There are 4 protein chains.
Amino acid sequence: MLPINLEEFFSEEKLQEMNEKEIKILEAAIEIFAEKGFFSTSTNEIAKKANVAEGTIFRYFKTKKDLLKSIIKPTLVKTIAPFEMDRFSKAVFHLEHETFEDFLYALIKNRMDFAKKNKEVVKIIIQEIPFQEEMQEELKRLFKDKMYPKVATVLQSFIDKGQIKELPIPTVLRLIISTVIGLVISSVVLENTPFWNEDQETKRTIEYIKAGLESGE
Amino acid sequence: MLPINLEEFFSEEKLQEMNEKEIKILEAAIEIFAEKGFFSTSTNEIAKKANVAEGTIFRYFKTKKDLLKSIIKPTLVKTIAPFEMDRFSKAVFHLEHETFEDFLYALIKNRMDFAKKNKEVVKIIIQEIPFQEEMQEELKRLFKDKMYPKVATVLQSFIDKGQIKELPIPTVLRLIISTVIGLVISSVVLENTPFWNEDQETKRTIEYIKAGLESGE
Amino acid sequence: MLPINLEEFFSEEKLQEMNEKEIKILEAAIEIFAEKGFFSTSTNEIAKKANVAEGTIFRYFKTKKDLLKSIIKPTLVKTIAPFEMDRFSKAVFHLEHETFEDFLYALIKNRMDFAKKNKEVVKIIIQEIPFQEEMQEELKRLFKDKMYPKVATVLQSFIDKGQIKELPIPTVLRLIISTVIGLVISSVVLENTPFWNEDQETKRTIEYIKAGLESGE
Amino acid sequence: MLPINLEEFFSEEKLQEMNEKEIKILEAAIEIFAEKGFFSTSTNEIAKKANVAEGTIFRYFKTKKDLLKSIIKPTLVKTIAPFEMDRFSKAVFHLEHETFEDFLYALIKNRMDFAKKNKEVVKIIIQEIPFQEEMQEELKRLFKDKMYPKVATVLQSFIDKGQIKELPIPTVLRLIISTVIGLVISSVVLENTPFWNEDQETKRTIEYIKAGLESGE
DNA sequence: TATGAATGAGACTTCATTCAT
DNA sequence: TATGAATGAAGTCTCATTCAT
């Protein structure tokens, strides 16, 4: 099985060296940024919601943009990080006994939980990434160094075992990722509406990817 | 075959009743909004790039937000509109002679061309839609009234003909759309890099969707 | 009897050498200035109401302030002017046969008609005079040169005839003017309300002034 | 005797909970508004005269119009308020021992002091009231609820005692108010000129009102 | 003569950031 | 450490006025 909820490790570590006020500011900022966007949110508003003085924000975060980065970066790391965790590595070693379907299921479950828990930050990231070159670089680096090598190994093993078609890894990855992101977004947007049966849609999505990629013999 | 490049009809109509300065302002605004985002762009900057006085912007667009809307709305309409064009309707009537693959190919080709031509506006839309309720409503309305009914008919016909699996139309649509969007984004981002062979990736994507949805006999 | 409606003489004279558009602009400006005030009225608004182009305003009136002056000045002149008209002079010569009451009645009737006819311009004048030094000078000059000497003569004659108390002319004038202005304002404000019986109030006001000024023997 | 200088009570209360900068801004605004009018005064100008940054104005007054209201409203209240003060009430109860002349004298003295002390604000009020509906309503309300009932009682008592003529109260009020206002304006305008002997003019005005209203038997 | 598009100065206002307390 | 009053740069927008047509 793939690791789940590893993300919290980071937080706890960090949280302990973080002041109570700092946390309250971050929480307030996340909430309002997600609701109104970075530029439409004033530091005054954040201060009020966090119950601190406006000046206090600048004790902990040099600038407003710094505050934004402090929100985005850990989430970015956590989005990518699971792929290099120990338990994931273990999963990799046990791969011979796992099917592609198990892999997909674990991946989807994990990312979906993550997306739901981090809905707000994800919304902030989507809005801001296109204009934050620094963050873009970070994202690329994380993807290239941390995520891609691991995932490539896993996918290659499924190709080797004949469970999926012989396609270039980047292509396989693109197809999986876009399908999964589509599912995750639908899930977050439609959550708690009568139109959405999550288990069913997850199952259908796994079927779709599997059928789409399996070596048709 | 599906209609291609119908979008331009709209522009030409509009362009003729539009003043030269108005066009220059729109062009400048699109370029800078896409580069730096709506809020990081000052009207002063737009005026300079458009070679007009700042006040002139407000002769044509009541407010800065109005300028944003004037950029987003036509593109939003054009994104959805093709689906209700005459030729599309004709295609629907000839469906007996078309395969699901033809349909996918036409859809992808059409949307890819559109995305490339409107790269910048699309970037602006993605950034702003989450915070512009008015635009969200417009988008929902267009989708529900204009696009969904037509597409649903086409997809249902493929299901009836046994070309694709018996799945709920919304599910089929979600899977196709997320896969196509993944392709389109990759195409726009990687265009002109050695990593990208568009025809090949298009073909692979079509194969993936087809295999993923076809009724396994 | 005092002269009534002499004011129109000026207009007719002027009106004939005035262009139709110029008149329409003046009319529009008077209406909007009175409603919203000089500064809250834009030339664009005036142009629209007058059915002319904005530029046309500046053909006839060098500046917006010039337009204001063109409205105020003739009314100012007309407010003062009657006192130096021929017929008034004649009235003066016939004074021996007139009572103070006749004089008051004529004065009040005349000024009341004038105020009602020029309600809007009077409102503009009241608002603007305190800040238009140039106009203040004009007003002072007119009062001092044109109005005061004539009125002083009349009042003196009533004093001489023992019809009113031996008070300094300026004091008498102040008392009469403030009482009459109070009547006129009430009349304009309350006109057409059930609270206002104009003839009765006029009569009472005349009684009040008469009693207040008459030499109590 | 009527209460005098009660107005200051209000100020002192307020002033203590008011910041030094806030007071400086108000003072500067009053001075410039009175001199040049509301619209001809820029916030930049006020800031300079008050020796604060332009932004500081908006910490204390949400908008420029808000600043105007903050100037006008207390004065409006103070103009009307004395009539409902305790000491005034006491005066009413002692009326049997007071003459109409005493009443007039107290009224005039009180209002004249007030006008002189608030010259500037009164000028601002006169200019702005015609265009500030909100203020008009406030003024009407204050007059109707606070001032009129008290004054009506007093005047009625003088009528009952036979000291003044049997006229409708509103008429009596109009005649007194317009005469007093005329005196007050003259006093403010001519103050410190050789043409003006205040005590004498006050005495004459009281005589005029008394004679004008007294039941002539 | 009349137009109205274009201008650009200047108005009001917001807000991230600083700093004395 | 925490505050929040004060700042002033920068932003959006208005509008009287000009001028080519």
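We name chains A, B, ... by the order of the sequence lines, and we start the count at 1 in each one. Note that the coordinates shown come from a computational prediction; the quantities given were computed from them, not determined experimentally. Below, all heavy atoms of this structure are taken into account, side chains as well, without hydrogens, waters or symmetry copies.
Rounded to an integer number of Å, the gap from CG of N19(B) to C1' of dA20(F) is 15 Å. Distance CD1 (I46(D)) to P (dG10(E)): 17 Å, rounded to an integer number of Å. Straight-line distance from the CD1 atom of I57(A) to the C1' atom of dT1(F): 15 Å, rounded to whole Å. Here dT1(F) presents its P atom at 13 Å from CD1 of I25(A), a figure rounded to the nearest Å. Here the P atom of nucleotide dT1(F) and the NZ atom of K24(A) are 16 Å apart, to the nearest Å. In this structure, F33(B) places its CZ atom 12 Å from C1' of dT12(F), rounding to the nearest Å. Note: CD (E20(D)) to C1' (dA20(E)) measures 15 Å, nearest angstrom. Remark: P of dC12(E) and CG of L68(D) are 12 Å apart, rounded to the nearest angstrom.
The pair E134(B)-K69(B) meets the salt-bridge criterion, since a charged nitrogen lies less than 4.0 angstrom from a carboxylate oxygen. Comment: K36(C) engages E45(C) in a salt bridge, judged by a side-chain N to carboxylate O separation of less than 4.0 angstrom.
Using a 4.0 Å heavy-atom distance criterion, F61(C) is classed as making no nucleic acid contact.
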Anything under 3.5 Å between a protein N or O and an N or O of nucleotides 14-17 of chain F, put it in a table, one pair a line.
residue, atom, partner, partner atom, Å
dA16(F), OP1, T41(C), O, 3.4
dA16(F), OP1, K64(C), NZ, 3.0
dA16(F), OP2, T43(C), N, 2.6
dA16(F), OP2, T43(C), OG1, 2.6
dT17(F), OP2, K64(C), N, 2.7

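Counting only residues at least two apart or on different chains, the ring-ring contact (aromatic ring centres under 6.0 Å, His included) pairs with a member in residues 18-41 of chain D are F39(C)-F39(D), F33(D)-F38(D). Legend: ring-ring contact (aromatic ring centres under 6.0 Å, His included) pairs involving residues 42-62 of chain B, not counting sequence neighbours: none detected. Applying the salt bridge (charged side-chain N to carboxylate O under 4.0 Å, His left out) rule to pairs touching residues 48-57 of chain C yields E31(C)-K49(C), sequence neighbours excluded.
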- request: Show your working on side-chain contact (heavy atoms from CB on, under 4.5 Å) between Q132(C) and L68(C) and close with a plain yes or no.
  value: CA-CA 10 Å; Q132(C) 308 282 345; L68(C) 177 66; 3.5 Å; yes
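Remark: E27(C) pairs with no residue by the salt bridge (charged side-chain N to carboxylate O under 4.0 Å, His left out) rule, at least two apart or across chains.
Looking at I46(B) and L67(B), their side chains come closer than 4.5 Å, going by heavy atoms from C-beta outward.
Between E45(B) and V52(D), the residue anchored nearer the 5' end of DNA chain F, judged by the nucleotide with its closest heavy atom, is V52(D).
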- prompt: Under a 3.5 Å cutoff on both atom distances, Watson-Crick or G-U, what's the dot-bracket for DNA chain F ([ ] crossing, | other strand)?
  reply: .||||||||||||||||||||
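Note on Y60(C): a side-chain N or O is less than 4.0 Å away from OP1 or OP2 of dA2(E).
In this structure, the separation between CD1 on I30(D) and CD1 on I72(D) is 10.0 Å, given to the nearest 0.5 Å.
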